[in-house]
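Numbering starts at 1 and runs along the sequence shown. Counting convention: from 1, in listed order, for ligands and their atoms alike. Atoms considered below: every heavy atom in the structure, side chains included; atoms not considered: hydrogens, waters and symmetry mates.
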Amino acid sequence: MYPRVEIDLKKLRKNTEVITGMCHDAGIIVAGVIKVSNGDPDCARVMAEAGCDAIASSRLRQLIPLAKAGFEKRLLLIRIPMLSEVPDLVRYTHASLNSDIDVIRKIDDEAGKQGKVHNIVLMIELGDLREGVFDEEEYIAIAKEAEAMKNVELLGVGTNLGCYGSINPTKEKLEELVAAAEKIEAALGRKLFLISGGGTTSFPRVADGDMPKRINHLRIGEGIMINRDLHELYGYEFKGTYDDVFTLKAEVVEVRMKPSHPIGEIAYDAFRNKPTYVDRGDRKRALVALGKVDYAYIDQITPRGEGVEILGASSDHTILDIEDSPREFHVGDIVEFDMNYAAVALATGTAGMDKMIIPE
Ligand SMILES: *Cc1c(COP(=O)(O)O)cnc(C)c1O
């Protein structure tokens with residue numbers, strides 16, 4: 001059925017091999033982040049087989065089914081846990097990123113009840129201003145308290161950049177993380193096992209060969225699964241990778257010549273905006289059965305094929321200008337789209353969309 005998202009596992013495997021291979025050569029282990037595919041289990045399996053050392057998600061509910069199915073690699077929760085999910089966190093995952101001492105105490109308590117040890121990575125705030133401990137005294141105090149816990153193992157420290165504050169993970173920024181790690185090491189009198197330097201936006205340090213030596217862990221989702229941002233926004237090319245693991249397919253439900261300017265008094269569109277329209281005369285359009293509830297914003301998807309342009313969309317319809325396309329469109333035809341991160345995240349999670357795995 002349409003609309004649907006197709007996931008090409010062969011391309012995903014190639015991307016994983018290339019990206020994790022470069023990381024491994026630089027002495028960095030990789031948690032493959034599957035949240036953008038809504039935790040798709042086939043993606044998780046292929047990423048684990050092709051080089052990811054662990055599988056991670058921001059949503060525990062995406063990791064639980066993998067754990068229940070006996071997933072072979074370690075599972076890591078990368079959104080700092082909610083207090084309320086600690087029992088399941090301990091039951092189903094091996095490790096989590098953390099910044100709150102009350103949550104860490106609860107993890108220790110719960111792990112004790114379950115007869116387990118849960119691994120934590122303490123998040124350090126470096127200025128992106130999402131999760132993490134900013135104050136040196138505080139992160140040292142948390143590390144010391146965690147170190148004394150019986151059922152919590154402090155694996156190391158991590159940071160997050162390029163999310164809220166859009167801060168670039170430069171070599172200097174990541175050296176600040178190493179400095180924080182070394183302060184904790186001095187306070188604990190031992191080396192930390194892991195220093196987690198961020199996500200896809202930190203991968204250029206691997207590509208450029210200027211990653212601080214002690215950073216030995218990254219959590220990569222976009223760079224493996226979508227593989228667009230680093231070359232479209234930062235100009236990197238990684239040989240042997242694909243940017244079309246995911247394809248959005250939708251069906252044409254109307255093809256007509258129409259004026260390009262709406263006719264009548266312009267009020268508000270379906271999303272409470274008052275848009276303006278350019279009059280380009282009569283143009284040929286195709287209407288596809290796919291809408292903003294599937295992909296959020298029209299700038300998150302791009303129609304494949306020359307001369308096809310998105311004019312606009314409402315919840316369940318997307319309007320394409322096909323006047324300049326060499327292709328003849330008919331009702332019932334299928335149009336393919338590339339998707340950016342937000343579109344993949346939504347499209348793979350919405351009930352109004354089918355998902356089709358293209359096996360290897
Ligand atoms: C989503 C996320 C990642 C992965 O980000 P990508 O840009 O997809 O590589 C890494 N760490 C944390 C904490 C995240 O929330």
Of Leu161, Ile34, Ile226, Thr200, the one whose closest heavy atom lies nearest atom 6 (P) of ligand 1 is Thr200

Does the pair Asp321 and Arg283 meet the rule for a salt bridge (Lys or Arg N to Asp or Glu O under 4.0 Å), with working shown? CA-CA 7 Å; Asp321 183 306; Arg283 309 270 302 174; 2.9 Å; yes

Test salt bridge (Lys or Arg N to Asp or Glu O under 4.0 Å) on Arg105 and Asp108 and set out the steps. CA-CA 5 Å; Arg105 286 175 187 147; Asp108 185 42; over 6 Å; no

Main-chain N/O of Ala50 paired with Glu17 side-chain donor or acceptor, under 3.5 Å: no

Could you tell me the residue and atom name of the protein heavy atom closest to atom 8 (O) of ligand 1, and the distance to it rounded to 0.1 Å? Glu222 N, 2.8 Å

A quick test of your reading: do over 12 heavy atoms of other residues, nucleotides or ligands sit less than 6.0 Å from CZ of Arg327? yes

So which bit of Arg130 gets within less than 4.0 Å of ligand 1, heavy atoms only: side chain, backbone, both or neither? side chain

Consider ligand 1: state whether an atom of it lies below 4.0 angstrom from any non-hydrogen atom of Glu131. yes

Could you tell me whether Asp269 and Arg272 make a salt bridge, using a distance below 4.0 angstrom between a side-chain N and a carboxylate O? no

Give the residue, atom name and distance (to 0.1 Å) of the protein heavy atom nearest atom 4 (C) of ligand 1. Arg219 O, 3.4 Å

For ligand 1, find out whether one of its N or O atoms is nearer than 3.5 Å to an N or O atom of Gly198. no

The answer for which part of Lys35 has a heavy atom under 4.0 Å from ligand 1 is side chain

Numbered in order shown, the ligand 1 atoms found under 4.0 Å of a heavy atom of Ile220 are 9 (O)

Where's the contact between Asn160 and ligand 1, heavy-atom distance under 4.0 Å: side chain, backbone, both or neither? side chain

Can you sort out which atoms of ligand 1 are near Tyr341, meaning under 4.0 Å from one of its heavy atoms? 8 (O)

Can the ring centroids of Phe203 and Tyr234 be said to lie less than 6.0 angstrom from one another? no

Other residues, nucleotides and ligands only: do more than 12 of their heavy atoms fall within 6.0 Å of CZ on Phe193? no

